[in-house]
Amino acid sequence: QVQLVESGGGLVQAGGSLRLSCAASGRTFSTSAMGWFRQAPGKEREFVSAISWGGGSTYYADFVKGRFTISRDNAKKLVYLQMNSLKPEDTAVYYCAAFGPIYRSGSPPGSWGQGTQVTVSS
């Protein structure tokens, strides 16, 4: 199993940028697809982005396409979410997640981080 710790959240003005990081531990990280989800107050947790275990395939929710970029560094056991052109509606707790070897849309992750708060002011 993979253990996950997010960092990099904070308060930013609309139009600004943040980069979230997810530090992973565990032997299976380099063979696990990874992803980011978010949960806004009063809303269900929703998928944001995912990346294959080798980094060659990436997936995005429509509402972040062209603004967010997911990447990973398997040697450092890190996953990143670069968020640009942030909007107030991006305000949420962002969670890092680990899948099995293959990411499949709708499949639940096997591991979750504790989350990091992102607040975008207008």
Side-chain angles (χ1 to χ4, degrees):
Q1 194 172 7
V2 179
Q3 291 77 47
L4 306 169
V5 178
E6 303 94 335
S7 61
L11 174 64
V12 64
Q13 289 188 331
S17 299
L18 281 175
R19 188 176 80 158
L20 305 183
S21 298
C22 173
S25 60
R27 294 183 298 167
T28 60
F29 172 79
S30 62
T31 58
S32 297
M34 299 294 296
W36 291 92
F37 290 72
R38 72 185 188 185
Q39 187 168 18
K43 296 187 177 181
E44 293 187 352
R45 191 172 300 188
E46 61 183 356
F47 170 78
V48 175
S49 182
I51 187 167
S52 61
W53 64 266
S57 297
T58 56
Y59 312 85
Y60 296 96
D62 287 343
F63 53 78
V64 302
K65 283 182 180 177
R67 300 190 298 125
F68 292 9
T69 303
I70 190 171
S71 61
R72 66 188 295 164
D73 185 333
N74 283 350
K76 296 181 178 179
K77 293 188 175 181
L78 289 169
V79 181
Y80 303 102
L81 186 68
Q82 178 67 45
M83 306 186 296
N84 299 327
S85 302
L86 283 161
K87 306 174 181 180
E89 51 264 43
D90 293 319
T91 295
V93 177
Y94 284 72
Y95 297 90
C96 182
F99 298 93
I102 304 296
Y103 167 71
R104 293 185 174 88
S105 178
S107 295
S111 300
W112 294 95
Q114 84 289 349
T116 186
Q117 176 71 47
V118 171
T119 303
V120 184
S121 63
S122 58

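The residues of the chain are indexed from 1 along the displayed sequence. Everything quoted here is computed from the prediction, not taken from an experiment.
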When you measure from the side chain of [X] to the backbone of [Y], do you find a donor-acceptor pair of N or O atoms at a distance under 3.5 Å?
{"X": "Asn74", "Y": "Lys77", "answer": "no"}
{"X": "Glu6", "Y": "Gln114", "answer": "yes"}
{"X": "Thr116", "Y": "Gly9", "answer": "yes"}
{"X": "Ser52", "Y": "Ser57", "answer": "yes"}

Do Ser121 and Gln13 pair up side chain to side chain, a donor and an acceptor below 3.5 Å, judged on atom types alone?
no

Hey, what do you get for NZ (Lys65) to OH (Tyr59), rounding to the nearest 0.5 Å?
12.0 Å

Working to the nearest 0.5 Å, report the span between OG of Ser32 and CZ of Arg72.
7.0 Å

For residues [X] and [Y], determine if any side-chain heavy atom of one lies less than 4.5 Å from a side-chain heavy atom of the other.
{"X": "Ser17", "Y": "Gln82", "value": "yes"}
{"X": "Arg38", "Y": "Lys43", "value": "no"}
{"X": "Trp112", "Y": "Arg45", "value": "yes"}

Applying disulfide (SG to SG under 2.5 Å) as the test, list every pair that has at least one member in residues 46-122; sequence neighbours left out.
Cys22-Cys96

Within 45° of the six-membered ring axis of Tyr80 and under 6.0 Å from that ring's centre, is NZ or CZ of Arg19 located there?
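Yes, Arg19 and Tyr80 form such a contact.
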
Rest of the hydrophobic cluster containing Met34 (Ile/Leu/Val/Met/Phe/Trp/Tyr, side-chain heavy atoms under 4.5 Å)?
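Val2, Leu4, Val12, Leu18, Leu20, Phe29, Trp36, Val48, Ile51, Tyr60, Phe63, Val64, Phe68, Ile70, Val79, Leu81, Met83, Leu86, Tyr94, Val118, Val120, listed by chain and number.
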
Nearest atoms (heavy-atom pairs only) where Ala14 meets Ser122
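Nearest heavy atoms, Ala14 then Ser122: CB-CA, 4.3 Å.
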
Closest non-hydrogen atom pair, Pro109 against Phe99:
CG-CE2, 3.7 Å

Geometric class of the Phe47/Phe37 ring pair [parallel <30°, tilted 30-60°, perpendicular >60°]
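Because their plane-to-plane angle is over 60°, the rings of Phe37 and Phe47 count as perpendicular.
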
